[in-house]
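Here the structure comes first, spelled out in structure tokens, and everything after it is commentary.
So that the names make sense, note that chain A is the first sequence line, chain B the second, and so on, each numbered from 1.
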There are 2 protein chains.
Amino acid sequence: MLPLLPDPKPADPAPRQRVQDEIRRDIIFGSLQPGTRVTEAVLAAKYGVSRIPVREALRALEAEGFVESKPYAGSTVSEIPVDDADDLFSVREALEAATARRAARRAAAQFSAGEPSAEWWKARRLLADLLDDGDQAVAAGNLQLLPELNIRFHLGIADLSGSASLTALLRQISGKIEWLYATDVDHRGKQSWSEHRSIMAAIDAGNPAEAERLMAGHVHQSRVGYLDRFATP
Amino acid sequence: MLPLLPDPKPADPAPRQRVQDEIRRDIIFGSLQPGTRVTEAVLAAKYGVSRIPVREALRALEAEGFVESKPYAGSTVSEIPVDDADDLFSVREALEAATARRAARRAAAQFSAGEPSAEWWKARRLLADLLDDGDQAVAAGNLQLLPELNIRFHLGIADLSGSASLTALLRQISGKIEWLYATDVDHRGKQSWSEHRSIMAAIDAGNPAEAERLMAGHVHQSRVGYLDRFATP
DNA sequence: ATGTGACCGATTGCATACAACAATAAACAG
DNA sequence: CTGTTTATTGTTGTATGCAATCGGTCACAT
């Protein structure tokens with residue numbers, strides 16, 4: 001006999017990843033405020049899993065800088081790095097300039113060596129879709145979608161650069177930047193998004209210098225915009 | 001019956017940290033070569049602990065970029081990031097310039113506000129000892145001690161900056177740089193070390209611009225030296 | 001001979017159980 | 001009343017056992 005509900009629970013194939021994303025989201029969007037003590041047991045109960053996935057998620061979040069832990073003493077939610085904003089942006093400028101430069105160099109190399117590799121096409125295709133989605137969101141006035149799309153675009157460029165080290169660093173910084181912006185939306189949204197296509201074009205053209213220049217300017221504007229708005233001198 | 005040796009092993013109070021450091025050391029100094037498959041079970045047996053500490057150590061090392069893992073598929077030792085060297089150095093330049101600038105600013109603030117805080121003195125004292133140890137090593141010709149002392153000095157400056165975000169980023173980059181240098185010693189050792197005191201002096205003087213300038217130049221020389229030596233164009 | 005499918009060993013992911021440690025609070029001496 | 005010592009409790013750290021999943025391999029049909 002066939003059961004009417006063969007699989008009532010969606011099976012949850014990756015509890016650790018899910019829990020990690022949930023906790024990070026709760027931290028970024030204020031449900032878990034800085035200074036809050038988070039214990040493995042209550043989080044485990046909250047998300048319906050054992051302590052082990054929660055524990056690993058907390059360790060990962062600690063590496064990302066969202067929580068701080070002391071041995072046998074527990075974990076607490078970190079402070080929002082507002083004081084570090086300016087410096088984080090300056091590092092991000094150098095970092096993303098490097099990724100754009102590399103991406104353009106790699107694009108040129110891929111095309112000069114006959115057919116681009118499969119993984120290159122995959123990353124490039126993802127960026128194309130992303131750009132379209134963003135334009136669509138802008139056209140429809142859904143500006144609240146832009147922060148997420150923005151991060152994915154920049155991480156996509158890092159992927160194109162082919163450097164795992166730089167991608168990991170950018171991922172770490174992006175988390176902090178997202179946290180900083182979470183208290184408010186990116187006001188410069190439309191303007192900022194439109195700059196992405198020219199960066200992409202410079203990369204496609206295999207022009208490292210131009211890609212680097214555009215990306216550096218793009219991030220710099222983002223930095224200036226943030227500092228203007230939140231005025232943390 | 002009572003065993004003759006009730007506690008032959010020194011109890012090992014922190015297996016996870018120890019195992020993590022051991023594995024990282026083995027990776028950096030060649031005992032575990034890139035591409036090697038590392039399984040939790042054999043590492044657990046190798047270090048005489050259970051799989052859990054090994055597992056967490058591997059996760060942390062994955063966040064540090066030393067191993068790569070795929071779900072249910074195991075972990076392998078990452079490739080040495082030689083291709084990323086130049087870009088890592090360029091990011092490091094921006095990053096350490098920021099830490100030096102902040103450290104100087106913070107030093108000035110500490111002194112202008114009466115007595116410096118306890119944690120400031122602690123970090124400052126650690127750097128003083130470090131500088132002395134390095135000078136002593138140089139005088140005694142123990143240049144092989146310098147790479148370790150060098151990393152600790154730069155992380156110490158990051159501590160002085162008071163920014164957890166920047167310190168975490170530097171820690172991540174430092175691991176990679178150490179890995180790059182592990183194949184050879186830092187040839188510029190003596191010269192490089194002597195520059196640390198002037199950086200420290202600029203910070204103590206509360207001169208952010210000068211501290212930033214000196215640190216940027218210091219890291220830049222390190223970069224040029226590395227690229228000259230290993231010539232990866 | 002070769003492509004395709006299912007099986008099997010190996011390995012990770014998670015849950016439960018227990019031990020070690022830190023932090024707090026209570027008891028006590030001064 | 002205050003400083004110190006000691007119990008107690010709550011939380012993390014580790015060990016073991018089992019379930020889920022992946023990679024390779026062997027049979028088999030084409």
Please work out if B/Val19 contacts a base, only the sugar-phosphate, or nothing of the nucleic acid, heavy-atom cut-off 4.0 Å.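 No contact.
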Classify B/Ser50 by what it touches in the nucleic acid, base, sugar-phosphate, or nothing, heavy-atom distance under 4.0 Å.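 The residue B/Ser50 makes base contact.
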Listed partners of [X] passing salt bridge (Lys or Arg N to Asp or Glu O under 4.0 Å), at least two apart:
{"X": "B/Arg37", "answer": "none"}
{"X": "B/Arg25", "answer": "B/Glu22"}
{"X": "A/Arg171", "answer": "none"}

Please report the interatomic distance [atom1]([X]) to [atom2]([Y]), rounded to the nearest 0.5 Å.
{"X": "B/Asp133", "Y": "B/Arg152", "atom1": "CG", "atom2": "CZ", "value": "7.0 Å"}
{"X": "A/Leu169", "Y": "B/Leu95", "atom1": "CG", "atom2": "CG", "value": "8.5 Å"}
{"X": "A/Leu155", "Y": "A/Ser161", "atom1": "CG", "atom2": "OG", "value": "10.5 Å"}
{"X": "B/Leu130", "Y": "B/Arg125", "atom1": "CG", "atom2": "CZ", "value": "12.5 Å"}

Can you tell if the side chain of A/Leu160 reaches within under 4.5 Å of the side chain of A/Trp120, non-hydrogen atoms only? yes
Any side chain to side chain donor-acceptor pair (under 3.5 Å) pairs touching residues 53-63 of chain A, not counting sequence neighbours?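 Output for this query lists A/Glu40-A/Arg55, A/Arg55-B/Glu56, A/Glu56-B/Arg55, A/Glu56-B/Arg59, A/Arg59-A/Glu62, A/Arg59-B/Glu56.
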Would you please name every residue forming a side-chain contact (heavy atoms from CB on, under 4.5 Å) with [X], sequence neighbours left out?
{"X": "B/Asp87", "value": "A/Ala98, A/Arg101, A/Arg102, A/Arg105, A/Leu166"}
{"X": "B/Pro71", "value": "none"}
{"X": "A/Ser78", "value": "A/Glu68, A/Trp179"}
{"X": "A/Ser75", "value": "A/Val38, A/Leu58, A/Ser69"}

Earliest and latest nucleotide of DNA chain D, 5' to 3', sitting under 4.0 Å from a non-hydrogen atom of chain B? D/dT14 to D/dC22
Start and end of the DNA chain C segment that chain A contacts, any atom under 4.0 Å from a heavy atom: C/dC14 to C/dA22
Close residues, residues 51-62 of chain A, relative to DNA chain D [heavy-atom separation under 4.0 Å]: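 When residues 51-62 of chain A is checked for heavy atoms under 4.0 Å from DNA chain D, the hits, listed by number, are A/Arg51, A/Arg55, A/Arg59.
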For DNA chain C, what residues of residues 68-76 of chain B have any heavy atom nearer than 4.0 Å?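 By residue number: B/Pro71, B/Tyr72, B/Gly74.
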